[in-house]
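Before any comments, here is the structure.
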Amino acid sequence: PARYLSSPSTGKMGFAIADEARKRGARVTVISGPTEVRPPAGVGVVRVTTAREMHAAVLEHIGDATLFIGSAAVADLRPATVAAGKAKKEDAELTLALARNPDIIADVAAHRPRGCFVAGFAAETDDIEAAGREKLARKGLDCIVVNRIGGEIGGFASDDNEVVILWGDGGREAVARAPKSTIARRVLDRIDALRRAR
Ligand code: C5P
């Protein structure tokens with residue numbers, strides 16, 4: 001009830017993509033973790049708190065979706081136990097036992113509705129393209145949007161982003177620093193092109 005593990009992600013990138021997809025005529029469902037940022041108008045919004053709730057909500061809503069974009073900074077780990085009441089600091093264990101959360105996008109990619117295109121994101125600090133390529137392959141994605149975190153532009157919570165889109169065997173498009181609305185357009189343009197080329 002008093003403490004939790006999370007990341008500084010605000011969901012702005014996902015909301016920008018949802019907004020752009022709706023403007024292009026898509027029927028959009030956003031499955032959002034906790035954030036103070038308002039989702040765009042005209043899209044369905046499903047609110048969840050934990051990674052496991054997000055996993056269940058995604059599987060419940062995926063239906064016959066033709067496109068799944070995973071832009072959430074999902075928590076990879078959760079505390080192994082949740083206290084019923086506030087733990088007293090004097091009695092608390094100083095080492096936190098953790099458990100692994102399900103990998104939502106890898107599950108979607110493995111059990112995708114027929115023909116569904118699956119695009120992921122990767123927030124990285126080092127060797128960002130190599131890390132992105134590794135995730136693209138390991139999670140079975142059709143493309144991945146990689147951005148650097150921890151630097152000046154800093155992905156999380158910022159209004160701008162700078163990304164590299166990776167796909168297939170060496171496909172690559174770099175998108176220079178721009179507002180997240182512009183990044184969303186470029187990402188959806190690339191996804192459109194890749195879907196048409198299939
Ligand atoms: O956290 P990671 O860098 O592995 O995230 C890469 C991609 O995997 C992102 O698209 C993210 O939304 C997704 N992801 C997920 N479930 C997790 C962890 C990450 O769907 N538990």
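In each ligand, atom 1 is the first atom listed, and ligand 1 is the first ligand listed. Along the sequence shown, residues carry numbers from 1. Nothing here was measured: the structure is a model prediction, and the numbers come from that model. What's counted below: heavy atoms across the whole structure, side chains too, no hydrogens, waters or symmetry copies.
Every residue two or more places apart in sequence or in another chain that forms a side chain to side chain contact (heavy atoms under 4.5 Å, CB included) with P179 is listed here: D160, S181, T182. In terms of the side chain to side chain contact (heavy atoms under 4.5 Å, CB included) criterion, residue partners of A87 (sequence neighbours excluded) are, by chain and number, R3. For A65, the side chain to side chain contact (heavy atoms under 4.5 Å, CB included) test picks out I62, with sequence neighbours left out.
Summarising the geometry, atom CZ belonging to F117 is positioned 6.0 Å from atom CZ belonging to R198; distances are rounded to the nearest 0.5 Å.
Checking side-chain atoms of R78 against main-chain N and O of R100 turns up a donor-acceptor pair under 3.5 Å. Side-chain atoms of E134 do not come within 3.5 Å of backbone N or O of A130 as any donor-acceptor pair.
Near ligand 1, residues G70, A72, V74, D76, P102, D103, I104, I105, G120, F121, K135, K139 each place a heavy atom inside the 4.0 Å sphere around the ligand atoms.
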